Amino acid sequence: MNMKYNPREIEEKWQERWEEEQIFKVTENPHKKKYYLLEMFPYPSGKIHIGHVRNYTIGDVVVRYKRMRGYNVLHPMGWDAFGMPAENAAIEHGIHPARWTYENIASMRKQLKRMGFSYDWDREISTCEPEYYRWEQLFFLWMYGKGLAYKKSSTVNWCPRCRTVLANEQVEAGLCWRCGTGVEEQYLDQWFFRITAYIEELLDYCDRLPGWPEKVLTMQRNWIGKSYGCEISFPLAGATGEIKVFTTRQDTIYGATFMLVAAEHPLVMKLVKGKPRENEVREFVEKVKKQDRVLMTSEYYEKEGIFLDTYCLNPLTNKKIPIYAANFILADYGTGCVMAVPAHDQRDFEFARKYSLPLKVVIQRLDKPLNTGTMTDAYVDEGILINSGPFDGMENMKALEAIAEYLESRGLGKKTVQYRLRDWGISRQRYWGAPIPIIICKVCGTVPVPEFDLPVVLPHDVALTGEGGSPLAGHRQFAEVICPCCGAPAARETDTMDTFVESSWYFDRFCSPHHAFEPGLDKKKTDYWMPVDQYIGGIEHAILHLLYARFYTKMLRDFGVLSVDEPFTNLLTQGMVCKETMRCSEHGYLFPDEAKDGKCCHCQREVTIGKTEKMSKSLKNVVDPDYLIGEYGADTTRMFCLFAAPPEKDLEWSDQGVEGSFRFLNRTWRIVMDYLDDIRGVAPFNGGEALEDNLKNLRRKTHQTIRKVAADIEERFHFNTAISAVMELVNTLYQVERPEREDLKALSVIRETIETIIMLLAPIVPHITEELWMLLGYKTSLTDVPWPTYDSTVASEEEITIVIQVNGKVRGRITVPADEDAENVKSLAVSNEKISRLIAGKKVLREVYVPKKLVNIVIQEQGK
RNA sequence: GCCUGGGUGGCGGAAUUGGUAGACGCAAGGGACUUAAAAUCCCUCGCUCCUUUGAGAGUGUGCGGGUUCGAUUCCCGCCCCAGGCACCA
């Protein structure tokens, strides 16, 4: 037998066969344990990139492994098909977003199939289809009915030249990415989902998701940002009224020497009304409003403020303190006003130094007293209260409670709980999204579209120019309707929904993807499949998508549609695949193949190498896997993506080393071919007879490898070490001396090893292993062969190496039987030739023995 | 700036619970095979030092400290990189 490994031929053959035999089609089966594995579905940007390949390969390995373990596995794929890039393509190239999207889907579907992923393609969904988003519109109506969807005024990025709303991504350094005009803030009435109605449950369950990475839960807890503190009223000086602040540091209230109000806060203009500074303050407020939100969070952002010619009174000291408007106070957190305690808060400290405002120390540190004249930073740690009236001498942590109660008892404040999480703004002034099913009638007000009129279908014929506001607003047939209540002419809501809404329930829809009856989810099926047992996706989604999906699940549960509290039992967050960005001053961001020798291939200008960032189409730093698949095949591409790093780690992309994966598959292929004729008629060794050393060692390695690979896949998804282990086994097999053709016992051990290698690799490289399996004489697909089991007696080592250290430094090694007792090991260590020389004449202070690992002999060192 | 992670040879990484640092692979160098090349197979490979060239000594996991018989692993401080920061998805 002398066949060469031909990946293209093998892969196409098996992909066809899997499809013909519908191997991956799945239905509910009450007699089997279900396993629902889901990878985050892609936005159809045009081509899959290495980040997708990595994500979907990880999922596919686990799916194929679980199948071999006997689970009834659901593994669907679909398209997060609404979104901005389609609209941008329409504006730039005149392609209709729908056409652009469907063409992209077609080519990406082809690429995914070429990778050999085991999806049940009958369940494919695209969120831009009315059959999908009609249910989302229904859920919106239910939410509206319950007050979970509501409208309020909030700000957007506004380009005054294009007269359009910009996404944060479309704002570059405070300027519109298309025309370079300075971006402004504008208020619009927009739709919100009341995620805060579920805030306590969302927080509570952060402690009840043991299958989630702790870092993701920590990020979500911090995002929700529950904090306990006080709302305190500061009366205005010389006027009626008061300013309410929220603080978690009421222990420092005696040190509050000025007041800060968010520049955008309506209170600012109210306070300076009619005062000489009114115009100056208005200019400041306008300037802050224009400051880009991204800029606001950047490093070169300078803290600025302006005095409002107004004072209020510190309610406990009754001292007059000045009120400033500032650009770093958040208008929509707490009350939008902050009592500034410059001695004990770093931001306040910097502000006070800039505007020469007084510092007052109210918490004294224990080691050396603070001096307001010489302090270079705020003191934010614990200490004893001073300058704090009746609370002097109290520990500040105790004063938190005491001062809160004191304020409460005198009616000056109350203990409150504050959250950082805001309600979810879902309005988008864009075309390519799910329409919001609402009608605005001059007579009846806000009127929900009647359920029997759903779906509100997105019209096809719109003009997309990137200018002049929401494209749907200009579509008369769509926007002009008859009010369902009074029959008068009315206007349709022309905002569309945030695409995060579609991705908040697609996993439910996958359970019954074609269910055409209300509410679009077949309860019997969602009850069988949900929750998702394993969800896999990029760490980038740790907060927004995952929090929204959790909220939406709870809400659908309360509407009786779902029976689960949480959508994802186990979560694996893969690290980002990163690559450097490249920019040309004329052509903007460049794809990797648009640059040659540091020059832009369009204009020969010098290319600027930017930061290394996660691959994304907008930065064009994407690597298309096609060249890898073409050169080496899907199996090599899959294996290399897994071998490069463990899944949770970020990866700076380089295809250096892909040859190694290809070589390994060739090496595996060759050794099976080499033995094929000799082992074809031989059954794998079953342990009946005693084995001589070399075969015994091979068999031990085989069983150890089964143990290691299963543990690596099941317990920690570390496919790189699983692959290493199989590589070692293949290396070991190469080392074994070729047995005679008549030595059936030896050949049966070889066959056991070869079958094991094939089965262990099956989830990782499914095509080559199917082919080899068939060549070994099997008729059924490897996809449903049971995962091999190991014999722990066979796998256990008879001899182990013990390291001998002297004062913590490795000085020798001894080999002992695995069950050697402690005393023997210690005396063997001490009597070892080299060790005895090293410790001769020295006093042994201590002997540490770590069973099966090492002996550390601690001796008195010279001169001590 | 704030929140969350990460940093180990020339490179990707391994060391799973505080116990042999560098598994496995890439690159590099050497050898075998070949008319030749490719492929394949074998060997070497953290760094420094040497008048014991060795089963040698020292040093080494971003930097500086600490705890411990023993630290890549735990603690404190710092530097750098990545993800998120609510309209990219």
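Lettering follows sequence order; numbering is per chain, from 1. Model, not experiment: these values are computed from the prediction.
The separation between Met3(A) atom CE and rA39(B) atom P is 22 Å, rounded to whole Å. Rounded to a whole Å, the NZ atom of Lys4(A) is 10 Å from the C1' atom of rA38(B). The CZ-P distance, from Arg846(A) to rU68(B), rounds to 11 Å in whole Å. In this structure, the CE atom of Met219(A) is 10 Å from the P atom of rG84(B), given to the nearest Å.
Across all strands, His541(A) comes closer than 4.0 Å to base atoms (heavy-atom distances). Counting non-hydrogen atoms under 4.0 angstrom, Leu421(A) reaches a base of the nucleic acid. Across all strands, Val658(A) comes closer than 4.0 Å to no nucleic acid atom at all (heavy-atom distances). Lys617(A) comes within 4.0 angstrom of nothing in the nucleic acid, heavy atoms only. Contacts of Thr218(A) with the nucleic acid, taken as non-hydrogen atoms under 4.0 Å apart, involve only primed sugar atoms and P, OP1 or OP2. Among the atoms of the strands shown, base atoms are found under 4.0 Å from some heavy atom of Phe500(A). Gly425(A) comes within contact range of the sugar-phosphate backbone alone, with a heavy-atom separation under 4.0 Å but no base atom that close. Note on Arg811(A): only backbone sugar-phosphate atoms sit closer than 4.0 angstrom, heavy atoms only; bases stay farther off. Nucleic acid contact for Ser616(A): none, since no nucleic acid atom lies under 4.0 Å from a heavy atom of the residue.
Residues Phe192(A) and Gln190(A) have side chains in contact (heavy-atom distance under 4.5 Å, counting atoms from C-beta outward). Considering only heavy atoms from C-beta on, Cys128(A) stays 4.5 Å or farther from Trp79(A) through its side chain.
Cation-pi geometry between Arg667(A) and Tyr5(A) is not satisfied (NZ or CZ under 6.0 Å from the ring centre, within 45° of the ring normal).
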Write down the protein N/O and nucleotide N/O pairs, taken from nucleotides 49-54 of chain B, whose separation is under 3.5 Å; answer none if there are no such pairs.
none

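For Asn222(A) and rC2(B), the shortest distance from a side-chain N or O to OP1 or OP2 is not below 4.0 Å. Between Gln220(A) and rG84(B) there is no side-chain polar atom (N or O) within less than 4.0 angstrom of OP1 or OP2. Residue Arg428(A) has a polar side-chain atom (N or O) positioned under 4.0 Å from OP1 or OP2 of rC87(B).
Along RNA chain B, the nucleotide nearest Ser654(A) and the nucleotide nearest Arg420(A) are compared for position; the residue whose nucleotide lies closer to the 5' end is Ser654(A).
Asp423(A) and Lys152(A) are not joined by a salt bridge, as no carboxylate oxygen comes within less than 4.0 angstrom of a charged side-chain nitrogen. A salt bridge between Arg422(A) and Asp332(A) is present, with a side-chain N of the basic residue lying under 4.0 Å from a carboxylate O of the acidic one.
Taken from OG1 in Thr581(A) to NZ in Lys620(A), the straight-line distance is 12.5 Å, to the nearest 0.5 Å.
The distance between the ring centers of Tyr548(A) and Phe193(A) does not fall below 6.0 angstrom. Taking the six-membered ring where the residue is Trp, the centroids of Phe328(A) and Phe351(A) are separated by under 6.0 Å.
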Legend entry - Derivation of the ring-ring contact (aromatic ring centres under 6.0 Å, His included) call for Tyr535(A) and Trp212(A): CA-CA 10 Å; Tyr535(A) 196 33; Trp212(A) 283 41; 8.4 Å; no

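Note on ring orientation: taking the six-membered ring where Trp is involved, the planes of Trp100(A) and Tyr43(A) are tilted (angle from 30° to 60°). Ring geometry for Phe500(A) against His545(A) counts as parallel: the plane angle stays under 30°, on a 0 to 90° scale with 60° as the upper cut.
Here rG84(B) is the nucleotide among rU4(B), rG84(B), rA86(B) with the atom lying nearest to any side-chain atom of Glu540(A). The side chain of Lys611(A) lies closest to rA82(B), out of rA82(B), rU59(B), rC87(B).
The gap from the C1' atom of rC49(B) to that of rC43(B) amounts to 25 Å, rounded to the nearest Å. Rounded to whole Å, the P atom of rG7(B) lies 13 Å from the corresponding atom of rU61(B). Taking atom P in both rA57(B) and rU73(B), the straight-line distance is 25 Å, to the nearest Å. Rounded to the nearest Å, the gap between the C1' atom of rU34(B) and that of rA39(B) is 11 Å.
No hydrogens or angles considered: nothing links the side chains of Thr815(A) and Glu799(A) as a donor-acceptor pair under 3.5 Å.
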Inset, instruction - Both distances under 3.5 Å, Watson-Crick or G-U wobble: on that basis, could you give the dot-bracket string for RNA chain B, with [ ] for crossing pairs and | for other-strand partners? - result: (((((((..(((......[....))).(((((.......))))).(((((...).))))..(((((..]....))))))))))))....

Legend entry - Protein-to-nucleotide contact annotation, 5' to 3' order, nucleotides 13-25 of chain B [B base; S sugar-phosphate only; - none; under 4.0 Å, heavy atom]: SSSB--BBS-BBS

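Under the 90° criterion around 0 for the glycosidic angle, rG9(B) counts as syn.
Looking at Gln735(A), its side chain has no donor and acceptor atom pair within 3.5 Å of the base of rC42(B).
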